[in-house]
Amino acid sequence: MRTFYVTTPIYYVNDLPHIGHIYTTIVADTLARFHRLAGEPVHFLTGTDEHGQKIERAAAEQGIAPIALADRVVARFHEVWQQFGISNDDFIRTTEPRHRLGVEALIQRLYASGDLYVDKHTGWYCTPCETFYTEKELLPGNLCPIHELPVERQEEENVFFRLSRYQDRLLEWYDSQTEPVRPRVRANEVRSFVASGLRDLSVSRSNLAWGLPFPGHPGHTVYVWLDALSNYITALGFGRPGEDQRYQDFWASEGGVRLHLVGKDILRHHCVYWPAFLMAAGLPLPSTVFVHGFWLRDAKKIAKSTGSAVRPDEIVSRFGPDSLRYFLLREMVFGQDASFSDEGFVDRYNSDLANDLGNTISRLVTLSRRAFGGLTPPESCADNPLIPVAESVAAEYRQAMEEPAFSRALEALWKLLAETNQYIVERQPWTLLGKPEEARRLSRILWNGLEAVRIVATGLLPVMPAIAPRLLAAIGQPEPPSSLAALAWGGLANSVPLPEPSPLFPRIDKAAYLADAQPTAPAKSAPEKKMVSIDEFFKTELKVATVQAAEAVPKSSKLVKLTVDLGDEVRTVVAGIVQQYPPESLVGRQVILVANLEPAKLMGIESQGMVLAASIDGLPVLLQPERAVPNGTRVK
RNA sequence: GGCGGUGUAGCUCAGCUGGUCAGAGCGAGCGGCUCAUAACCGCUAGGUCAUGGGUUCAAGUCCCGUCACCGCCA
């Protein structure tokens with residue numbers, strides 16, 4: 001029998017839950033619920049990663065023990081998961097004894113395979129941090145990124161893992177038929193990284209007390225990623241003989257699905273280190289690592305709607321966690337990045353949840369109650385145009401959920417809603433009200449509509465675990481089904497009570513909501529300073545140039561056309577400075593030019609650059625080198 | 001610099017192995033209906049499928065070049 005094991009990354013407790021954590025966990029939960037409905041044995045694991053430098057330091061800053069800090073954050077995670085209806089079967093913390101036992105067992109296997117050895121490691125060391133940094137992490141000038149103090153070259157002894165030995169096997173794995181790394185872009189990235197050559201990996205740390213003791217290497221702790229990644233099997237009981245039934249069922253069993261959901265920031269750890277560790281230990285690999293994208297704030301949209309921000313908290317408190325679950329799953333093409341905005345949420349909510357779903361239920365329930373004394377229609381209908389649609393929608397939904405491709409699965413369900421509304425309008429059931437001779441016809445029409453809605457609500461059970469049962473109750477089906485078999489046409493009970501309809505998704509007044517969404521905060525009064533990186537700054541090419549010729553632009557009060565010498569080229573530039581600087585005063589003068597500015601036409605003249613000037617009350621004061629320098633000299 | 005990816009209607013995106021592929025949803029306009037949460041239904045998009053070549057009877061769909069943007073390179 002196929003088993004289904006799904007994991008989220010274990011979340012690092014230096015950070016409170018945010019949209020990224022929530023998204024991954026909702027995805028995992030939706031999959032777990034779907035596969036349970038499909039009748040498969042499911043195990044859904046999430047948890048927290050609690051060791052390491054950052055935790056140690058953050059705890060020290062707050063004057064508490066690392067474990068106390070972790071406890072605090074873990075409590076918060078539990079709260080949030082409860083709020084979102086997360087149905088995880090287990091929650092692993094890397095500070096638990098069961099985890100340590102598993103990690104030790106894994107490391108024993110790595111020793112046994114001959115893949116661990118001790119070697120000297122030289123690196124950039126910051127004494128106050130007691131940490132080695134890679135060159136990339138350092139600030140310019142070899143400064144520690146935390147203390148901004150010079151780091152020094154130091155040597156330490158480490159346990160190394162022979163990652164290099166697994167290069168070929170990893171490449172084979174990426175290319176295997178099952179496509180273990182998805183989507184393909186991500187597989188390409190990892191493949192090219194691995195193909196460029198792997199260095200052995202340091203898997204122990206000295207000077208870090210807040211970690212698991214490294215077996216056989218006193219004074220050292222286990223590298224946080226070796227520690228953390230192991231959770232996927234330690235939580236199942238790996239390394240604890242007699243208590244490892246779940247490990248046997250969900251990891252070691254033939255043909256079981258072992259799915260890791262990860263963000264693209266931890267691709268390498270999950271697609272290089274982790275499988276290599278498992279290969280070395282002689283253990284089964286995950287069947288799929290699914291790498292999803294990030295939620296971004298769309299700068300353009302934010303600017304347009306004057307500063308609407310990502311406010312999942314407010315969305316949840318006002319519209320419920322399931323509305324957010326729906327939005328996240330519907331809006332992101334699984335695997336790609338997507339942007340998150342209040343406007344996007346409101347649009348999606350109104351058009352999909354309020355208009356299509358909520359309103360369709362509302363109109364059907366109202367009609368049925370009126371026609372049949374508060375009950376569902378007495379007569380069913382086994383032959384009508386909605387049936388083939390419902391069947392193809394159910395098939396498409398199941399396929400998309402398997403893939404998984406949530407946006408497509410939901411799109412399919414909504415296709416059925418659209419067809420249902422169309423069907424209702426075509427049949428005009430309201431014209432049949434109060435005509436006894438049309439009662440049977442009316443019953444069939446309304447029954448069909450309600451039945452279609454029942455199928456949609458059934459498909460929504462994994463996505464909106466709190467709301468979907470309420471949708472079903474609203475159409476007279478108070479017991480939510482426990483199997484995907486309920487997606488088949490024909491399940492709606494006849495002549496059962498229909499509760500009075502109440503809007504499950506009240507429409508959002510978009511204008512009011514967005515106006516309300518204006519940051520009460522500082523945005524306007526104290527504009528935040530937008531910093532640019534040195535790289536961004538250097539995108540602007542500033543060069544010294546000498547004005548060779550200048551003539552006022554006819555019919556313009558400010559513009560002057562300049563011919564400037566940039567050393568290796570001569571350009572035409574238009575500048576709005578002629579009121580302060582008569583043309584003849586400009587000739588021979590050196591100016592600073594933005595040399596890579598997009599050309600622009602001013603009064604019909606193409607300006608190939610911009611002359612820099614300070615502006616006092618709108619009046620320009622030209623910048624110029626303190627003494628003459630060669631034309632074309634870069635300014636920085 | 002190397003490798004990979006993207007560029008299709010105002011917006012978000014579908015278009016696998018070349019031949020009803022020029023599409024969907026949202027938004028906008030017009031019309032209809034009134035059971036329903038000012039909802040629902042119908043019609044309306046004249047987009048050089050970034051761009052220049054090429055292969056082919058036939059190319060968003062394959063090949064080469066160019067431009068723009070993005071990701072990865074411990």
Side-chain angles (χ1 to χ4, degrees), chain A residues 121 123 132-137 161 163-164 174 181 183-202 223 225 264-269 271-273 291 293-294 296 298 300-301 304-305 330-341 343-371 396 400 405 407-408 410-412 414-415 417-434 442 445-446 449-450 453 474 501-510 598:
Chain A
H121 162 79
F132 282 90
Y133 288 102
T134 65
E135 238 157 86
K136 227 176 135 179
E137 289 169 322
F161 170 70
L163 184 61
S164 55
Y174 304 141
V181 179
R184 196 173 306 240
V185 208
R186 259 59 260 197
N188 290 343
E189 270 177 27
V190 189
R191 187 187 299 107
S192 89
F193 171 74
V194 171
S196 72
L198 290 176
R199 291 206 299 269
D200 289 348
L201 183 69
S202 160
Y223 170 50
W225 274 103
K264 60 187 186 179
D265 51 330
I266 48 177
L267 174 70
R268 181 184 308 156
H269 309 91
C271 299
V272 181
Y273 303 162
V291 186
F294 291 154
L296 309 170
D298 184 339
K300 203 169 60 182
K301 273 186 184 159
K304 257 193 223 157
S305 59
R330 176 63 185 80
E331 195 75 1
M332 181 180 264
V333 174
F334 193 47
Q336 299 181 18
D337 289 345
S339 61
F340 189 111
S341 68
E343 194 177 353
F345 174 81
V346 173
D347 285 344
R348 189 54 88 182
Y349 175 97
N350 277 342
S351 87
D352 290 7
L353 298 179
N355 296 351
D356 291 338
L357 183 56
N359 179 57
T360 306
I361 291 176
S362 184
R363 68 196 305 203
L364 284 165
V365 169
T366 302
L367 283 167
S368 293
R369 295 182 87 235
R370 208 173 287 177
E396 202 179 330
S407 55
R408 271 196 13 236
L410 292 167
E411 226 180 314
W414 257 250
K415 203 180 298 170
L417 285 177
E419 292 283 343
T420 303
N421 274 315
Q422 191 182 336
Y423 175 80
I424 295 170
V425 169
E426 279 170 7
R427 306 294 152 114
Q428 306 190 4
W430 52 89
T431 62
L432 308 178
L433 283 171
L442 180 57
I445 293 168
L446 296 181
L450 287 166
V453 167
S502 65
L504 286 156
F505 302 104
R507 237 185 113 76
I508 302 172
D509 181 337
K510 182 172 166 182
E598 272 186 355

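For clarity, every value in this text was computed on a predicted model and none was experimentally measured. Below, read A as the first sequence line, B as the second, and so on, with proteins coming before strands; counting in each chain starts at 1. Note: hydrogens, waters and symmetry copies are ignored here, and every other heavy atom, side chains too, is used.
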**Request:** Using whole Å, report how far CG of A:Asp352 lies from P of B:U12.
**Result:** 17 Å
**Asked** Rounded to the nearest Å, what distance is computed from the NZ atom of residue A:Lys510 to the P atom of nucleotide B:C26?
**Response** 13 Å
**Asked** Which letter, B, S or -, goes with each nucleotide of nucleotides 36-41 of chain B from 5' to 3', with contact meaning a protein heavy atom under 4.0 Å?
**Response** BB-SSS
**Item:** ring-ring contact (aromatic ring centres under 6.0 Å, His included) against A:Trp414, all qualifying residues, sequence neighbours excluded
**Value:** A:Tyr326
**Request:** Quote, to the nearest angstrom, the C1' distance that separates B:C13 from B:G18.
**Result:** 22 Å
**Partner set under side-chain hydrogen bond (donor to acceptor under 3.5 Å, both in side chains) for A:Ser502, not counting sequence neighbours** = none
**Request:** For A:Ile361, answer base if it contacts any base atom (sugar-phosphate contacts may also be present), sugar-phosphate if it contacts only those atoms, and nothing otherwise; contact means non-hydrogen atoms under 4.0 Å.
**Result:** nothing
**Complete:** In RNA chain B, consecutive runs of at least three Watson-Crick or G-U pairs below 3.5 Å, as range with range, amount to B:1-7 with B:67-73, B:10-13 with B:23-26, B:28-32 with B:40-44, B:50-54 with B:62-66
**Request:** Could you pull out all residues at least two apart from A:Glu189 that satisfy side-chain hydrogen bond (donor to acceptor under 3.5 Å, both in side chains)?
**Result:** A:Arg186
**Item:** Heavy-atom check, side chain of A:Asp337 versus side chain of A:Lys264, under 4.5 Å
**Value:** yes
**Asked** Rounded to the Å, how far apart are A:Asp337 CG and B:C69 C1'?
**Response** 13 Å
**Message:** Holding to ring-ring contact (aromatic ring centres under 6.0 Å, His included), I want the full list of residues that pass it with A:Tyr174, two or more places apart in sequence or in another chain.
**Reply:** none
**Request:** Let me know the distance between OH of A:Tyr174 and P of B:G4, rounded to the nearest Å.
**Result:** 17 Å
**With sequence neighbours excluded, residues passing side-chain hydrogen bond (donor to acceptor under 3.5 Å, both in side chains) with A:Arg370** = none
**Prompt:** Just how far, in rounded Å, is P of B:C73 from CG of A:Asp265?
**Reply:** 11 Å
**Message:** Taking only the C1' atom of each, what is the distance from B:A14 to B:G47 in whole angstrom?
**Reply:** 16 Å
**Request:** Please figure out whether A:Phe193 or A:Ile424 has its closest RNA chain B nucleotide nearer the 5' end.
**Result:** A:Ile424
**Request:** For A:Asp347 and B:C26, give me the distance from atom CG to atom P, rounded to whole Å.
**Result:** 11 Å
**Prompt:** Using the glycosidic torsion, which applies to B:G54: syn (within 90° of 0) or anti (everything else)?
**Reply:** anti
**Request:** Could you measure between the two C1' atoms, the one in B:G53 and the one in B:G46, and give it in whole Å?
**Result:** 27 Å
**Asked** With rounding to whole Å, what would you report as the distance between B:C57 and B:C69 at their P atoms?
**Response** 38 Å
**Distance, P atom - from B:U51 to B:C67, rounded to whole angstrom** = 16 Å
**Asked** Taking NZ from A:Lys415 and P from B:C26, how many angstroms apart are they, rounded to a whole number?
**Response** 13 Å
**Asked** Can you find a pair of side-chain heavy atoms, one from A:Gln428 and one from A:Ile445, that are under 4.5 Å apart?
**Response** no
**Message:** Run the side-chain contact (heavy atoms from CB on, under 4.5 Å) test against A:Lys415 and tell me which residues pass, sequence neighbours left out.
**Reply:** A:Val393, A:Glu396
**Prompt:** Quantified in whole Å, what is the P atom distance between nucleotide B:C64 and nucleotide B:G2?
**Reply:** 16 Å
**Prompt:** With sequence neighbours left out, what residues match A:His121 under ring-ring contact (aromatic ring centres under 6.0 Å, His included)?
**Reply:** A:Phe132
**Asked** For residues 357-367 of chain A, which residue pairs qualify under salt bridge (Lys or Arg N to Asp or Glu O under 4.0 Å), counting only residues two or more places apart or in two chains?
**Response** none
**Prompt:** Hey, does A:Gly449 reach any base, or is it just sugar-phosphate, or nothing, if we go heavy atoms under 4.0 Å?
**Reply:** nothing
**Phosphate OP1/OP2 of B:U12: any A:Arg348 side-chain N/O under 4.0 Å** = no
**Request:** Carefully, step by step, assess A:Tyr223 and A:Leu201 under the rule side-chain contact (heavy atoms from CB on, under 4.5 Å).
**Result:** CA-CA 10 Å; A:Tyr223 170 50; A:Leu201 183 69; 4.2 Å; yes
**Contact list for RNA chain B against residues 183-190 of chain A - heavy-atom distance below 4.0 Å** = A:Arg186, A:Asn188, A:Glu189
**Request:** Determine the sole option in A:Thr431, A:Leu367, A:Leu432 for which the side-chain contact (heavy atoms from CB on, under 4.5 Å) test with A:Leu442 is passed.
**Result:** A:Leu432
**Complete:** With sequence neighbours left out, the residues meeting salt bridge (charged side-chain N to carboxylate O under 4.0 Å, His left out) with A:Asp347 are A:Lys510
**Asked** With rounding to whole Å, what would you report as the distance between B:C72 and B:G25 at their C1' atoms?
**Response** 32 Å
**Asked** When rounded to the nearest Å, what value does the distance between P atoms of B:U44 and B:G23 take?
**Response** 11 Å
**Message:** Can you measure A:Trp414 atom CH2 to B:C13 atom P for me and round it to whole angstrom units?
**Reply:** 20 Å
